[in-house]
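Note that the coordinates shown come from a computational prediction; the quantities given were computed from them, not determined experimentally. In what follows, every heavy atom counts, from backbone to side chain, and hydrogens, waters and symmetry copies are set aside. Note that ligands are numbered from 1 as they come in the structure, with each ligand's atoms numbered from 1 the same way.
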Amino acid sequence: MGLLSLGTPLSWPETKVLADHVHEHGITQFLYTWDRWAGRKGEPLLWGDEIEYIVVSLQDEKKRASLSLRQSEILDELKNVVLDLCNEQPEKSMVIPTFHPEYGMYMLESTPGCPSGPHLKDLVSVEANMRFRRKLARSHLRANEIPMTITCFPRLGVTDKPFTDPECMSVADSPASQSLFVGKGVTNPHARFPTLTGNIRSRRGSKVAINVPIYKDVNTPSPFVDPTIPYDRQLWPGDSEAKNGAAKPDHIYMDAMAFGMGCCCLQITFQAFNVDEARRMYDALVPVAPIMLALTACSPAFRGYLADVDARWDVIAGSVDDRTEEERGLKPLKNDKYRIPKSRYDSVDCYIANDSRNKAAYNDIACPINEGVYQRLKGHGIDDALANHIAHLFIRDPLVIFSERVDQDDEDSMDHFENIQSTNWQTIRFKPPPPNSSIAWRVEFRSMEVQLTDFENAAFSIFIVLLTRAILSFNLNFYMPISQVDENMRRAQKRNAARQETFFFRKWVFPLGKTPSHVDCRSRSTSPNGYRATNDASENGSSVPHSASTTSFKLDDRSSCPSPATSHLEPDDEVEEMTMDELINGKGEFPGLLGVVNAYVNSLNVDVATKCDIRKYLNLIKERASGKLVTPATWIRKFIVTHPEYKHDSVVSESINYDLLKAIDEIERGVRAAPELLGKAYQASQQT
Ligand code: ADP
Ligand code: MG
Ligand code: MG
Ligand code: MG
Ligand code: MG
Ligand code: MG
């Protein structure tokens, strides 16, 4: 989550009247940052991950797995552990991880402590770093508690049995959410979180309403009307909403922020050479986000039922959807300013690079902007694309304001800017430099679901890092209409999407529309030498290529052949529907995302052993895309439906859930084989 300033949160009516104030000063703060960083370049290529955990408490005698609500105690303890480690090993303090609070009281977040470089030798140590963080957390929990990297706890919000430890009071004790299913004990009590929850509900004018299609098994009633919803409760004003239509038949209904913000993900943040490079990287990652969501899908069950989706995205989008009925287009605009097509948590709406390849035709969905903000930014000399992006973020109201933080020194603070920015949760985030810090322009990749093991989490992190290197090094063009990226977001969440869906993607990704002959494509036999970039990046120096340097690959003889002149093609002709296998592993002249990563890796002057180490991670991506390996969602779903106690009625019972989480923990510890998920090589490496 964003900043956690301490203070007294304002009520929604008090917050609402300060919206213009926050917008105005937020932009002033951004402009100070812009001016301070204008013309600066040459920042090192740094990156780091964020991993979120669910702390599960196992009660073997009851065959119950529940959510341990001890985040505050655990973080206090981990803070001391980290301090001790720093004192004991000052020379190693750079690698000592940090742990952060999260929305759910059962969640933890960890980051590596300091960002690493993009060299292959840095990448090789990622898994060990992730494992160290997990081990550190695990060894400071109670004996029956486990920090698990599952995206969604399958029984969060069930009403038949307790799902928290300690058993969470009455579920009717949350004035902020007014949820029928989760009490206030599941939410971090730091003022920011209940205030966010309550103000989203107040702003929207009702509770959030999330409806995920249920997976209809042979014994699932049809239509499915959930018998476990307390439709007739009368404790809070929002209690009648479920009965009055908010809960849809044939769906799993959820009514609180915790259902979304209580999910875990894997995020990667990259620092760019300069602001222009950050903007190009952002744009290139926009079409990649849904692909990686499908490939990392890990959430097939919600609130005790199997869902007909495999991923969390729409749940989390719905869980913080603060738009009023007018903004959602259900009523004519009268009190509100904008029709807003999406939740504040959703996919990107516009590309932002100042690049001739970023054509108007690609920005083809409604993207309302705050006109005053746009004019101010333009007046300050900021170009259209970036002004548009920020003016779009600034259509949102601030959701939490602390009374102590209303007046700020705009030259010295980014709090008002971050207030809006950090509650625009999109697939990709463009992060300006924080004040008083050497941290520069960054881009965050946010769509991935967290994976069950650190082997997988490392593999996806490494893949994305290398993909960004390939994008910059080869100046790749991934532009395609945003409407098709959004269509991919919808497809990415479907059950078994990585296997059964096709996805839109750009056919011609190399600059001249021509795949260099040395890049391995499926249509070609293995290239003898592998692809080499002309300035053959050295692994020892700082010469890892990025677009801002002079790196460009020299096209060989074949480049003099006429290339498809992509510039006059309609966007439709540039894009094709591909299977996940084709998209990652290539098809015809299309090298696949892994193809460009391989070309980049082959261009590096690195020892074979290091390349082999990297290969084992890239193989996971390759095989998951080809279908040889399954996604965690598929693995979890299969575990549930083949469990002896499963009644083919979509219900994930307490004991199925317990066995599932035990099994996942065993896989993570390497004591249970899951070759269909991790590959045979993984199991062998675990045993040695
Ligand atoms: P947030 O929650 O705001 O997204 P976090 O601080 O939790 O961000 O995590 C940011 C990640 O970015 C961490 O993994 C960290 O290592 C990494 N990081 C920190 N500084 C830089 C930097 N200058 N460049 C790139 N990555 C960085
Ligand atoms: Mg987080
Ligand atoms: Mg974080
Ligand atoms: Mg954050
Ligand atoms: Mg983050
Ligand atoms: Mg949006």
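- Counting just the N/O/S atoms of E52, the one with the shortest distance to the Mg ion (ligand 2) is named OE2.
- The minimum distance between the Mg ion (ligand 3) and any N, O or S atom of E109 involves atom OE2.
- For the Mg ion (ligand 2), the nearest N, O or S atom contributed by E102 is named OE2.
- Considering the Mg ion (ligand 5) as centre, the angle to OE1 of Q267 and to OE1 of E50 is 90° (10° rounding).
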| field | Verdict with reasoning, N657 to F153, per side chain to side chain contact (heavy atoms under 4.5 Å, CB included) | value | CA-CA 9 Å; N657 185 55; F153 185 76; 3.5 Å; yes
| task | Would you check, one step at a time, whether the test side chain to side chain contact (heavy atoms under 4.5 Å, CB included) holds for L58 with V56? | result | CA-CA 6 Å; L58 295 175; V56 171; 4.0 Å; yes
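- The OH atom of Y106 lies 6.0 Å from the CG atom of L67; values are rounded to the nearest 0.5 Å.
- E444 has its closest N, O or S atom to the Mg ion (ligand 5) at the position named OE2.
- At least one donor-acceptor pair closer than 3.5 Å links the side chain of T151 to the backbone N or O of V450.
- Judged by a 6.0 Å distance limit and a 45° cone about the ring axis, R303 is positioned over the six-membered ring of F181.
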